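This report concerns only the one structure given below.
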Amino acid sequence: MRKIKKEVVIEVKDLRKVFRLGKEKVVAINKMDFEIHKGEICCILGTSGSGKSTLLNMMAGLEKPTKGYVKILGKEVTKMNEKKLAIFRQKYIGFIFQSYNLMNALTAIENVSLPLVFRGVSRNRRKQEASKLLKAVGLESHMKHKPTQMSGGQQQRVGIARSFVGNPKVIFADEPTGNLDSKTSDEVLQLMERIVKEKEQVLVIVTHDRSVTKYADKIIHVLDGNIQSVEIVERKEEINNEIKKGEEEIKHEEKSV
Ligand code: ADP
Ligand code: MG
């Protein structure tokens with residue numbers, strides 16, 4: 001099989017984070033190096049306290065490292081000031097949280113539209129875009145529902161729709177299925193997988209739940225702030241390539257007809 005060199009979207013280099021609590025020092029991230037490529041679903045897997053959220057927060061520029069850097073699309077997010085970061089995030093990054101983080105006073109469609117308000121998108125286009133995504137996550141009949149009028153799984157699907165609004169290049173998810181039962185969790189992950197693969201985005205999922213890794217192209221095992229191993233799921237890569245090859249063959253056949 002021919003290997004195609006894929007575009008690096010996220011680069012983590014020599015990353016370290018030490019928290020100081022008075023005299024106490026907590027090494028949350030000791031030293032980490034890895035890359036994530038275009039179209040990849042990457043799972044960062046580790047037990048509670050292993051440093052996953054700290055790592056994700058640094059990747060998203062929410063926290064500054066003690067040492068090292070994170071580059072996204074070649075830009076060093078760990079160096080940006082608040083203003084630059086805010087603009088960068090609006091443009092390129094989506095978030096999914098364990099606790100959904102929806103605005104309780106807003107309806108589903110208003111929640112999904114919100115990121116576009118900050119981007120200055122017109123009211124009509126916001127409505128269009130948000131309803132398209134809510135349909136994609138199977139919530140066509142719940143557009144006017146508020147978070148308290150929806151189940152956990154439905155709320156998380158709103159969260160997913162919101163994270164994908166405006167076509168971000170990278171989606172970060174911190175324990176996105178942590179509050180869901182296993183059936184709903186599978187539905188939510190399949191949904192994310194479908195959107196990410198269709199648009200060749202990057203999805204980084206932080207989790208302690210082994211079952212989430214069946215959707216991953218790359219699994220980064222972490223323990224006590226260190227990477228234990230990086231597992232590349234080749235089988236899935238092969239399946240994806242087969243699909244691509246099939247699609248190309250169909251296109252080719254269509255042309256020659
Ligand atoms: P995980 O998400 O894998 O459960 P975290 O990244 O939340 O792990 O935490 C890793 C370690 O860093 C833990 O020991 C935690 O107590 C510590 N930690 C995280 N955030 C802070 C903080 N703001 N101040 C001090 N210690 C922290
Ligand atoms: Mg965490």
Side-chain angles (χ1 to χ4, degrees), residues 10-36 40-72 76-82 85-86 89 93-102 152-153 155-157 159-160 162-163 168 170-182 184-186 188-189 192 196 202-231:
I10 303 179
E11 185 193 356
V12 170
K13 188 89 190 156
D14 199 22
L15 200 68
R16 181 176 173 83
K17 178 72 182 182
V18 181
F19 288 110
R20 272 170 217 286
L21 295 168
K23 276 187 188 165
E24 285 279 321
K25 239 174 68 171
V26 180
V27 182
I29 301 294
N30 182 31
K31 184 183 183 303
M32 286 195 184
D33 294 275
F34 60 87
E35 286 176 350
I36 302 173
E40 252 174 23
I41 297 179
C42 175
C43 264
I44 296 171
L45 182 70
T47 51
S48 171
S50 54
K52 304 181 300 293
S53 293
T54 306
L55 173 62
L56 201 74
N57 289 344
M58 285 196 286
M59 287 166 85
L62 300 171
E63 219 151 353
K64 292 276 183 246
T66 308
K67 199 181 158 205
Y69 67 77
V70 176
K71 279 187 186 172
I72 298 181
E76 202 174 320
V77 288
T78 35
K79 222 171 65 180
M80 289 181 194
N81 62 29
E82 280 307 316
L85 256 174
R89 272 196 225 115
I93 295 177
F95 282 101
I96 302 168
F97 305 89
Q98 177 175 356
S99 48
Y100 324 130
N101 281 24
L102 301 175
Q155 287 182 60
Q156 193 55 309
R157 281 190 274 159
I160 290 167
R162 181 187 54 188
S163 77
V170 179
I171 296 100
F172 290 117
D174 195 346
E175 306 272 8
T177 57
N179 291 332
L180 305 175
D181 62 74
S182 62
T184 313
S185 164
D186 263 326
V188 158
L189 289 164
M192 286 196 268
V196 166
V202 163
L203 173 62
V204 184
I205 308 177
V206 149
T207 185
H208 67 277
D209 180 2
R210 206 32 166 109
S211 70
V212 172
T213 60
K214 64 172 177 267
Y215 297 92
D217 302 298
K218 183 181 273 176
I219 307 165
I220 300 179
H221 298 261
V222 296
L223 182 69
D224 295 336
N226 291 300
I227 293 175
Q228 285 187 298
S229 62
V230 177
E231 206 178 317

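We count ligands from 1, going down the list as the structure has it; atoms in each ligand are counted the same way. Since the structure is predicted, the reported quantities are computational estimates derived from the model, not experimental observations. Hydrogens, waters and symmetry mates are skipped; everything else that's a heavy atom, side chains included, is used.
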Completion exercise
heavy-atom search around atom 8 (O) of ligand 1 in the protein gives G51 N, 3.2 Å
Exercise for the section: Provide, to 0.1 Å, the distance between atom 19 (C) of ligand 1 and the closest protein heavy atom, together with that atom's residue and name. Expected result: F19 CE1, 3.4 Å
Completion exercise
Between P65 and the options V18, L15, V70, the side chain to side chain contact (heavy atoms under 4.5 Å, CB included) test singles out L15
Problem - Minimum-distance protein heavy atom relative to atom 5 (P) of ligand 1 - result: T54 OG1, 3.7 Å
Exercise for the section: For Q98, enumerate each residue passing the side chain to side chain contact (heavy atoms under 4.5 Å, CB included) test, keeping only those at least two apart in sequence or located in another chain. Expected result: E175, N179
Practice task
Determine yes or no for a side-chain-to-main-chain donor-acceptor pair under 3.5 angstrom, with E231 supplying the side chain and H221 the backbone.
Solution key: no
Handout entry: Short side-chain donor-acceptor distance under 3.5 Å, D209 and T207
Key = no
Problem - Numbered atoms and elements of ligand 1 in range of S48, under 4.0 angstrom, heavy atoms - result: 4 (O)
Practice task
For the Mg ion (ligand 2), report each protein N, O or S atom nearer than 2.8 Å, sorted by chain and then by residue number.
Solution key: S53 OG
Practice task
Starting from atom 17 (C) of ligand 1, find the nearest protein heavy-atom neighbour and note its residue, name and distance.
Solution key: V26 CG1, 3.8 Å
Practice task
Might you check, step by step, whether the distance between atom 14 (O) of ligand 1 and some protein heavy atom is under 4.0 Å?
Solution key: yes
Problem - Worked check of side-chain contact (heavy atoms from CB on, under 4.5 Å) between D224 and N30 - result: CA-CA 8 Å; D224 295 336; N30 182 31; over 6 Å; no
Exercise for the section: Would you check, one step at a time, whether the test side-chain contact (heavy atoms from CB on, under 4.5 Å) holds for I10 with F172? Expected result: CA-CA 12 Å; I10 303 179; F172 290 117; 4.1 Å; yes
Exercise for the section: Report the member of A28, G46, S53 with the shortest heavy-atom distance to atom 12 (O) of ligand 1. Expected result: A28
Handout entry: Nearest-contact summary for atom 4 (O) of ligand 1 - protein heavy atom, Å
Key = G49 N, 2.7 Å
Fill in the blank from the handout: Sorted by chain and number, sequence neighbours left out, side chain to side chain contact (heavy atoms under 4.5 Å, CB included) with T47 holds for S50, L223
Handout entry: Nitrogen or oxygen of L21 less than 3.5 angstrom from that of ligand 1
Key = no
Practice task
Can you sort out the partners of Y100 under ring pair (Phe, Tyr, Trp, His ring centres under 6.0 Å), two or more places apart, ordered by chain and number?
Solution key: none
Handout entry: Whether D174 side chain and F97 backbone form a donor-acceptor pair below 3.5 Å
Key = no
Problem - Candidate list K64, K17, M32, test side chain to side chain contact (heavy atoms under 4.5 Å, CB included), partner M58, passing option - result: K17
Practice task
Output yes when R16 and D14 qualify as a salt bridge under the 4.0 Å nitrogen-oxygen rule, no when they do not.
Solution key: no
Fill in the blank from the handout: Note: T47, heavy atoms under 4.0 Å from ligand 1, region reported as backbone
Practice task
Give yes or no for whether the N/O distance cutoff of 3.5 Å, strictly under, is met between E63 and ligand 1.
Solution key: no
